[in-house]
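I have placed the structure first, in the form of structure tokens, so that the comments after it can refer back to it.
Order of appearance sets the numbers: ligands from 1, and atoms from 1 within every ligand.
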Amino acid sequence: MSDSAGRGGGIRPEGVGEGTRAVRAGLPEPVAYEPTLPGPVFAAHFHLPGEPTGPYAYGRDENPTWTHLERAIGELEAPGRDDVETLVFASGMAAISALLFSQLRAGDVAVLPSDGYQVLPLVRAQLEAYGIEVRTAPTGGDAQLDLLDGAKLLWIETPSNPGLDVCDVRRLAEAARAGGTLVAVDNTLATPLGQRPLELGADFSVASGTKQLTGHGDVLLGYVTGRDAAAMAAVRRWRKIVGAIAGPMEAWLAHRSLATLQMRVDRQTATALKIAEALRDWPEKLNVRYPGLSTDPSHPLASRQMRRYGCVVSFTLPSRARAERFLDALRLVDDATSFGGVRSTAERRGRWGGDAVPEGFIRLSVGAEDPEDLMDDVLGALKTSSQG
Ligand SMILES: *Cc1c(COP(=O)(O)O)cnc(C)c1O
């Protein structure tokens with residue numbers, strides 16, 4: 001890891017609350033007449049006299065703007081731990097690919113969820129093309145437990161996107177580690193304020209920073225946080241040879257956005273729960289899923305391992321046509337993919353063809369609008385769309 005002096009600009013991340021940690025995460029020690037968060041460093045190369053040691057040589061390998069962001073994410077994913085390293089990437093998929101393809105070799109076995117992010121089936125095909133055996137099982141019911149025998153790596157996505165099932169990270173990680181299997185958790189939906197996979201026993205927390213972590217729908221970014229130095233060296237090497245690096249502007253925007261992470265997540269989570277309750281109590285049966293809903297099948301487990309339940313609510317309308325009318329009738333919620341932003345979005349997930357969901361399945365991402373306005377908009381559109 002690079003020089004870790006000045007973590008948190010003089011605070012110990014483990015000694016403060018989460019909001020304080022978020023606003024100060026990764027800041028360098030104050031320097032007179034310099035900004036609090038130094039601006040993005042645009043550099044393909046750095047002055048490099050003599051031997052090519054030193055922290056910054058070439059822009060594909062290292063960048064000071066990444067360093068600040070990597071420290072910040074590390075403080076949120078694993079507060080107070082100095083044995084953890086974070087690497088940022090151009091996107092969530094760049095981070096996921098870097099981890100999987102740097103750790104797995106021909107003949108290895110990987111266990112993936114069967115209901116995870118929609119690009120995972122493409123990843124699976126690529127892993128198989130390289131001679132890696134891939135086994136899959138659903139997230140719910142900890143079904144991946146039965147597939148661990150002889151596996152090199154277990155990939156967990158909880159809550160799963162878009163189905164919002166939850167699995168027991170501690171239980172899966174314990175079983176996996178007993179058999180020498182590495183454990184990675186996709187922490188995109190929860191964010192490090194919703195759950196901290198390393199504390200639950202995982203070796204890696206991997207996420208798309210494109211979603212709620214940055215929260216404004218204007219940046220693609222990804223990261224891997226891990227505690228095994230040798231494994232992280234391989235991830236770093238993969239970043240260097242593939243070159244899927246974050247732009248300095250994106251890294252800086254992401255870091256700036258972290259300062260509001262707790263406010264955004266708290267606000268969006270509180271509104272998501274209200275909307276999930278209203279949808280559950282709606283006269284039509286909508287099969288609402290939200291891990292924070294006391295009646296959700298995932299809730300008992302989610303309440304043990306999550307500290308916040310996130311901003312995504314899913315539900316199912318009776319038909320594709322009804323779902324399309326619902327989306328058309330919304331005024332404050334954009335029909336768009338992705339999730340986690342301060343502006344609410346919703347989509348009929350079946351339009352992509354990749355997820356095993358009914359035609360009328362809606363994934364709603366609750367933003368930071370006034371809760372009453374959003375509630376009126378969503379319930380109003382439900383009503384309007386029912387008069388087909
Ligand atoms: C969006 C997403 C990804 C991929 O992230 P990108 O930044 O779009 O590459 C991976 N996992 C989950 C759960 C996601 O929602």
Sequence neighbours excluded, every pair satisfying ring pair (Phe, Tyr, Trp, His ring centres under 6.0 Å) that has a member inside residues 187-232: none

Donor-acceptor side-chain pairing of T191 and Q212 below 3.5 angstrom: no

Crowding at CZ, R135 (>12 non-hydrogen neighbours, <6.0 Å): yes

Ionic contact status for K240 with D61, cut-off 4.0 Å: yes

Y56 and F46 aromatic ring geometry - parallel, tilted or perpendicular at 30°/60° bounds: tilted

E250 side-chain N/O to A90 backbone N/O, donor-acceptor pair under 3.5 Å: no

Measure from every N or O atom of ligand 1 to the protein's N or O atoms and keep only the pairs below 3.5 Å, writing each with atom names and distance to 0.1 Å.
unit_1   : atom_1 : unit_2 : atom_2 : d
ligand 1 : 5 (O)  : S208   : OG     : 3.1
ligand 1 : 7 (O)  : G92    : N      : 2.8
ligand 1 : 7 (O)  : S208   : OG     : 2.8
ligand 1 : 7 (O)  : T210   : OG1    : 2.6
ligand 1 : 9 (O)  : G92    : N      : 3.1
ligand 1 : 9 (O)  : M93    : N      : 2.8
ligand 1 : 11 (N) : D186   : OD2    : 2.7
ligand 1 : 15 (O) : N161   : ND2    : 3.1
ligand 1 : 15 (O) : K211   : NZ     : 2.7

